[in-house]
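Remarks on the structure that follows.
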Amino acid sequence: MAIKNDAESLPSHEEKRKKRMKWAAYIAAFAVFQVLVIVVFVLVIMKARTPKFRVGTLQINSLETTQAPSFNASFVAPIRVKNNNFGPFKYDSANVSFTYGGVQVGEATIPKSKANFMSTKKIDLDVKLSADKLPSSANSTLSGELKSGVLTLKSEATLSGKVEVMIIFKKKKSTKMNCTMEIDVTQKLLKSVKC
C-alpha cells in the first residue's frame, strides 16, 4: 500500500488562491448589491415629496346677487391634501382665503391634522362669501361679470407641516394652493376650477 506524499494531500497553493479569489468576488458582489439597495431606498422611499393641496368641486348652498352690484354666497369647499410620501404629512392649521379682484370676500380655516402615507386627506369647509368689503372701483367689473352670468373667484392658502419618513426622519414641507373658480350665477353651479 502506497503512502500519499504530504504535498499531494494538501491543496496546492494555486487552489487556495482560486478559492480566496472566489470568496472575494462573492463578498464584492454582496457589497455592491447592498449599496444599490441603500441607494434605491434613499432615493425612492426616504425622499420627502411636497404634498399637493387643492380645492375640488364646490357644493353651492346659496348664492344671491343684487344689481348694486353685490353678492352673498355660502358653499361647501372640498379641500384635498394629497400625500405621496412613505410617511404621514402632519400639518398645522391654515386659513384659506377666497378673493374677488384681489380683495378678500371670505375665509375658512383648515384644522390641524395629518394626511396618512400614500393617501389623500379630505376636508369639507363651510364657507360664507360677501362682497360688502369690495371697493367701489370693483363695481364695474363685478357688474359685468354678474350680467354675463359667470363670477370669478380665487382661493389661496399655504399649508405647512412635516413629513415623517420611517418614524425617524422628519422633513419640513410647505405646499401652496392658488385656484381660480368660475361660478355660473344663474344655475348656481361651479363651471370650472383651475389650480
Side-chain angles (χ1 to χ4, degrees), residues 48-85 88-164 171-195:
R49 296 169 192 88
T50 302
K52 293 179 182 170
F53 176 38
R54 302 284 180 261
V55 65
T57 303
L58 306 177
Q59 179 189 342
I60 298 172
N61 298 329
S62 69
L63 176 60
E64 298 167 6
T65 60
T66 63
Q67 291 182 356
S70 183
F71 65 87
N72 288 309
S74 70
F75 54 82
V76 176
I79 304 294
R80 304 294 179 251
V81 181
K82 187 175 182 182
N83 181 18
N84 290 328
N85 291 293
F89 173 56
K90 295 181 179 178
Y91 55 86
D92 298 324
S93 63
N95 290 329
V96 180
S97 177
F98 292 88
T99 60
Y100 177 82
V103 178
Q104 184 173 317
V105 291
E107 187 177 53
T109 302
I110 298 171
K112 180 178 180 177
S113 187
K114 73 174 180 176
N116 289 322
F117 72 97
M118 301 302 283
S119 68
T120 301
K121 174 79 172 181
K122 298 174 183 176
I123 311 145
D124 290 333
L125 299 178
D126 291 320
V127 181
K128 290 187 188 309
L129 304 181
S130 175
D132 295 342
K133 294 180 184 176
L134 288 176
S136 57
S137 59
N139 285 349
S140 62
T141 309
L142 181 57
S143 178
E145 282 199 5
L146 293 177
K147 283 179 185 174
S148 72
V150 178
L151 180 65
T152 305
L153 298 171
K154 281 193 170 196
S155 63
E156 298 172 321
T158 301
L159 198 60
S160 299
K162 290 181 182 176
V163 174
E164 268 185 33
K171 182 129 185 178
K172 287 185 179 181
K173 286 290 176 181
S174 183
T175 181
K176 291 187 178 192
M177 173 178 62
N178 188 355
C179 300
T180 302
M181 299 166 280
E182 290 184 343
I183 297 172
D184 186 323
V185 176
T186 53
Q187 295 184 1
K188 298 181 181 180
L189 292 172
L190 182 71
K191 276 184 72 176
S192 67
V193 177
K194 292 177 187 173
C195 295

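- Going from atom CG of N95 over to atom OG1 of T158 covers 10.5 Å, rounded to the nearest 0.5 Å.
- Among all heavy-atom pairs drawn from E145 and S148, the shortest one is O-OG, 2.8 Å.
- Under the 4.5 Å side-chain criterion, counting only non-hydrogen atoms from C-beta, F89 is in contact with L159.
- Distance NZ/K82 to CZ/R49: 11.5 Å, rounded to 0.5 Å.
- Taking CD of Q104 as the reference point, atom CG of L129 lies at 10.0 Å (rounded to 0.5 Å).
- When each of L189, L190, L153, V127 is paired with L58, the side-chain contact (heavy atoms from CB on, under 4.5 Å) condition holds for L190 and for no other.
- Under the 4.5 Å side-chain criterion, counting only non-hydrogen atoms from C-beta, F71 is in contact with T65.
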Residue pair N83, K121: steps toward the side-chain contact (heavy atoms from CB on, under 4.5 Å) verdict = CA-CA 8 Å; N83 181 18; K121 174 79 172 181; over 6 Å; no
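- When all heavy atoms of P135 and V103 are compared, the pair lying nearest together is CD-CG2, 3.8 Å.
- Using modelled atom types, no side-chain atom of N116 and backbone atom of S119 make a donor-acceptor pair closer than 3.5 Å.
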Test log, rule side-chain contact (heavy atoms from CB on, under 4.5 Å), inputs F75 and L63 = CA-CA 9 Å; F75 54 82; L63 176 60; over 6 Å; no
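- Nearest heavy atom pair, residue L146 against residue T66, reads CD1-O, 3.9 Å.
- To the nearest 0.5 angstrom, K171 atom NZ is 13.0 Å from K162 atom NZ.
- Looking only at atom types and distance, the side chain of T50 has no donor-acceptor partner in the side chain of T175 under 3.5 Å away.
- With sequence neighbours left out, the ring-ring contact (aromatic ring centres under 6.0 Å, His included) criterion links Y100 to no other residue.
- Looking at residues two or more places apart in sequence or on another chain, you find a salt bridge (charged side-chain N to carboxylate O under 4.0 Å, His left out) between D124 and R80.
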Any chance you could lay out the side-chain contact (heavy atoms from CB on, under 4.5 Å) test for Y91 and S113, step after step, and finish with the verdict?
-> CA-CA 6 Å; Y91 55 86; S113 187; 3.5 Å; yes
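- The two residues V193 and G56 make their nearest non-hydrogen contact at CG2-O, 4.0 Å.
- The closest side-chain heavy-atom distance from N61 to V76 is below 4.5 Å.
- One distance of note links OG1 of T57 with NZ of K191; it measures 14.5 Å at 0.5 Å rounding.
- Remark: I110 CD1 to D92 CG distance equals 11.5 Å, nearest 0.5 Å.
- For the residue pair N72 and S70, no side-chain donor N or O sits within less than 3.5 Å of a side-chain acceptor on the partner.
- Of all non-hydrogen atoms in L125 and T109, the two that sit nearest each other are CD2-O, 3.3 Å.
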Evaluate side-chain contact (heavy atoms from CB on, under 4.5 Å) for K90 paired with E164, printing each intermediate quantity in order.
-> CA-CA 8 Å; K90 295 181 179 178; E164 268 185 33; 3.2 Å; yes
